[in-house]
4 protein chains.
Amino acid sequence: MAELQLNDRRERRIAARKAQILDAAAQVFSRQGYERATTREIADMADVSEGTLYNYFNSKRELLIGVAKAYADQLAEEIARVEAEDFGEMLANLMANRFRTGRERRLFMLFLYESRHNVDVHQYYVQDAMHRIINETEKRIIFLIEQGRMRPIDPVVAARTLSATIMGFAALFELGASVEHTSPEKLGEQVTDIFLNGLRTQDGAGARARG
Amino acid sequence: MAELQLNDRRERRIAARKAQILDAAAQVFSRQGYERATTREIADMADVSEGTLYNYFNSKRELLIGVAKAYADQLAEEIARVEAEDFGEMLANLMANRFRTGRERRLFMLFLYESRHNVDVHQYYVQDAMHRIINETEKRIIFLIEQGRMRPIDPVVAARTLSATIMGFAALFELGASVEHTSPEKLGEQVTDIFLNGLRTQDGAGARARG
Amino acid sequence: MAELQLNDRRERRIAARKAQILDAAAQVFSRQGYERATTREIADMADVSEGTLYNYFNSKRELLIGVAKAYADQLAEEIARVEAEDFGEMLANLMANRFRTGRERRLFMLFLYESRHNVDVHQYYVQDAMHRIINETEKRIIFLIEQGRMRPIDPVVAARTLSATIMGFAALFELGASVEHTSPEKLGEQVTDIFLNGLRTQDGAGARARG
Amino acid sequence: MAELQLNDRRERRIAARKAQILDAAAQVFSRQGYERATTREIADMADVSEGTLYNYFNSKRELLIGVAKAYADQLAEEIARVEAEDFGEMLANLMANRFRTGRERRLFMLFLYESRHNVDVHQYYVQDAMHRIINETEKRIIFLIEQGRMRPIDPVVAARTLSATIMGFAALFELGASVEHTSPEKLGEQVTDIFLNGLRTQDGAGARARG
DNA sequence: AATGAATGAGACTTCATTCAT
DNA sequence: TATGAATGAAGTCTCATTCAT
């Protein structure tokens, strides 16, 4: 009994320490990038020694993977919560929720970049997280199409187009290349408008793509 | 006379060598990223010694800037050539021309990432190249609106939405997360369709965004 | 308590290691000169790895500055100890104490040379150490003049002449260009004799400088 | 005939080019020191290419030796010219003539330093030049002693003491540690005074070294 | 004879990782 | 379990020297 409790406490302490280190790593990685970040910086930020880092993770690389995994998990949770009866709301949710803070955008870009250099990051970030979002979006689009509230456009393409746009905006924001004269909310509405009036069922019969 | 020819030849040789080195650098950087790339790899790829690298560029960093500059210049040329009487054509051009090859997409992602860490890359890539594309797109959208062939949507927003989408698709492609069951041409058409039927003037009066 | 002891021991270990490295650096620098010395040699001489060097000093340059600082400190201590009631003793002290060993003479020449190339060395060596010696000498000469035991010669000039002679002898020794047929003690006496019979009050009224 | 003239012209051209390069080398070496000087700098200063340097000298090291040789030769000439009937004049000549310009002082310090690292420089500078000066001084002191115008002090010691002082002053000047409130002429007189009233025969019988 | 681009050895420095305390 | 000093591999960059033109 007492032993179980002890083990429990110990495990919780270990988990807490791991989280503390991962949080520090996420901060440093997102700011500096993986290669430029040093284990010394991460240790300082986590307020532990470099040696301790290696008691919880086998290598700097595993730290990155840990951050990616945590990010993917968090994403999964959020996606599960997204309500999307309404398309506009779904898009707004995706845009707003995803890249609200600079840190989130920077992490996004970090993984985008590191995916190409680290197969584990690719696994957790691209396969698990990104595809999950895309597939979820796809399902909702299929639902809306079935409901007759959206034109019968290929849902695979539609979902990817939406995702691409959201990702692109994250990058534009991060590079300081976005729209400054509009509020994020207004921007969300406008983008939704652009998409909607092409994605949903058209009344106007003549509304065909011809430019 | 003979001297002039000599100087001419010399200058051409220097320019050629510089281009040869930049090309090697672009390849290595695009594959490995800036930090992971080594000057030895670049030298090997360029088939010169490491010392020679430094006869033409003062540092590894300047090599990256050189690649960014060349990329931005090439982009500027291509943009100038884009014909865009027709919106669909313009979008197809932007999508197809930009990220045709893997190398181009990788360079794009390299600069996207390095912009955050190198003020010169940000200058050449984000300020010069990216903003140039966005502004050009904006002008064309304004033109189409004036012609009555497009809904009067804020051109700033519209241009950025298009750019974000294109950038996002580049990333999706590069991560192997795109649509495999569709040909690039078909994909281009579909994306154009999605955008068009929201950006152009709507006949159907009732077609408002409500989800 | 135990912690304090631990910190104490740690600090002493660090100080010892630093001293060990500085000593090695002093040896290598004094033998090879700053530019010719390599960090590898210094590390080998200190019996540590090159990396360890950089745990204690930020650069090769700071290693040199460290040596200069230590040298200046040591000099200051010695100067404070020089007894100079008697002029002959003072001169003998200055000559003998300063450049007794080859290593000290070589360090002296190293700093003499490096002062022109390194502003910090100039600071520590010329400003702190050398000027301190000269000023101290000046004070003692003034004292002897006041006591009527020395001719009223400009103490600024006299102190610098003495210093110049001592420095010059150090160089002559180091270059193997000095007097081999005389013992150091005998030499000291003779030089003192030369100086004395010009610096102290002259009884012989006719003894004026004319050659 | 014509051929001889041609050879003559050719040889003179070569000598001139060599001198031009040596002069540049002297400037750069005296400013930067041997190790810090680059062949590129020397070539630029001499207004020739780096390749040309190697047509006239086999290595950077030989450039230094060449400069040392030229310096020693120049010194020999000057020494031959020094008139020294009068001791004061001799000393003044030695002090003033030798280290008039900053460049000469810097060269002096360069050779002082490099003698320890380069056996050829040691040969030309220490053996040839410095010992020549010292020996010449010795001879003149012997002469003055024989004339009864100087006390019978060991001429070996006396000559070295004078040389040491002069060298020391050169260093003090170069380090900006000398006397600013006195003109060079006045300084020379004062130093002469100090030396004289110890080196020449003393009338005052009681004037013995006792401190 | 002059040029200067090319070379590559070797220097300084960084930093992930280890391990004795 | 935590620490942080020690390590050494590896990276960037410099520069004396060579050699084809």
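The sequence lines fix the lettering, A, B, ..., with proteins before strands; numbering per chain opens at 1.
Partners of Arg103(C) by salt bridge (charged side-chain N to carboxylate O under 4.0 Å, His left out), not counting sequence neighbours, listed by chain and number: Asp23(C). The side-chain contact (heavy atoms from CB on, under 4.5 Å) search around Arg31(D) returns Gln27(D), Met45(D), Arg106(D), not counting sequence neighbours. Partners of Glu35(C) by salt bridge (charged side-chain N to carboxylate O under 4.0 Å, His left out), not counting sequence neighbours, listed by chain and number: Arg36(D). Applying the ring-ring contact (aromatic ring centres under 6.0 Å, His included) test to Tyr56(B) and every residue at least two apart in sequence or in another chain returns nothing. For Leu22(B), the side-chain contact (heavy atoms from CB on, under 4.5 Å) partners two or more places apart in sequence, or in a different chain, are Phe57(B), Val67(B). For Asn118(D), the side-chain contact (heavy atoms from CB on, under 4.5 Å) partners are Arg61(D), Leu64(D), Ile65(D), Asp120(D), Val121(D), not counting sequence neighbours.
With salt bridges taken as basic N to acidic carboxylate O contacts below 4.0 Å, one links Asp8(D) and Arg12(D).
Look at CG on Asp44(D): it is 11 Å from P on dT3(E), rounded to the nearest Å. Taking atom CZ on Arg13(B) and atom P on dT3(E), their separation rounds to 15 Å, with Å as the unit.
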Trace of the side chain to side chain contact (heavy atoms under 4.5 Å, CB included) decision for Tyr113(C) with Arg116(D): CA-CA 12 Å; Tyr113(C) 184 77; Arg116(D) 291 202 53 251; over 6 Å; no

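Panel note: side chain Lys18(C), backbone Arg13(C); no donor-acceptor pair is recorded below 3.5 Å. With hydrogens and angles disregarded, a donor-acceptor distance shorter than 3.5 Å links the side chain of Glu41(D) to the backbone of Thr38(D).
Taking a 4.0 Å limit (strictly below) on heavy-atom distances, residues 18-39 of chain D reaches DNA chain F at Ala37(D), Thr38(D), Thr39(D). Scanning residues 49-58 of chain C for heavy-atom distances under 4.0 Å to DNA chain F yields Ser49(C), Gly51(C), Thr52(C), Asn55(C), Tyr56(C).
For residues 28-55 of chain D, the pairs satisfying ring-ring contact (aromatic ring centres under 6.0 Å, His included) are Phe29(D)-Tyr34(D), with sequence neighbours left out. Among pairs with a residue in residues 44-56 of chain A, those fulfilling salt bridge (charged side-chain N to carboxylate O under 4.0 Å, His left out) read Arg40(A)-Glu50(A), at least two apart in sequence or across chains.
Base pairing in DNA chain F gives the following stems of 3 or more Watson-Crick or G-U pairs, range against range and under 3.5 Å: E:2-21 with F:2-21.
In this model, the phosphate group of dA1(E) is approached by a side-chain N or O of Arg10(D) to a distance below 4.0 Å at OP1 or OP2.
Within 4.0 Å of Arg61(A), counting heavy atoms only, lies no atom of the nucleic acid at all.
Expressed to the nearest 0.5 Å, how far CG of Leu63(A) lies from OG1 of Thr39(A) amounts to 8.5 Å.
Nucleotides of DNA chain F with any atom under 4.0 Å from a heavy atom of chain D span, from 5' to 3', dC15(F) to dT18(F).
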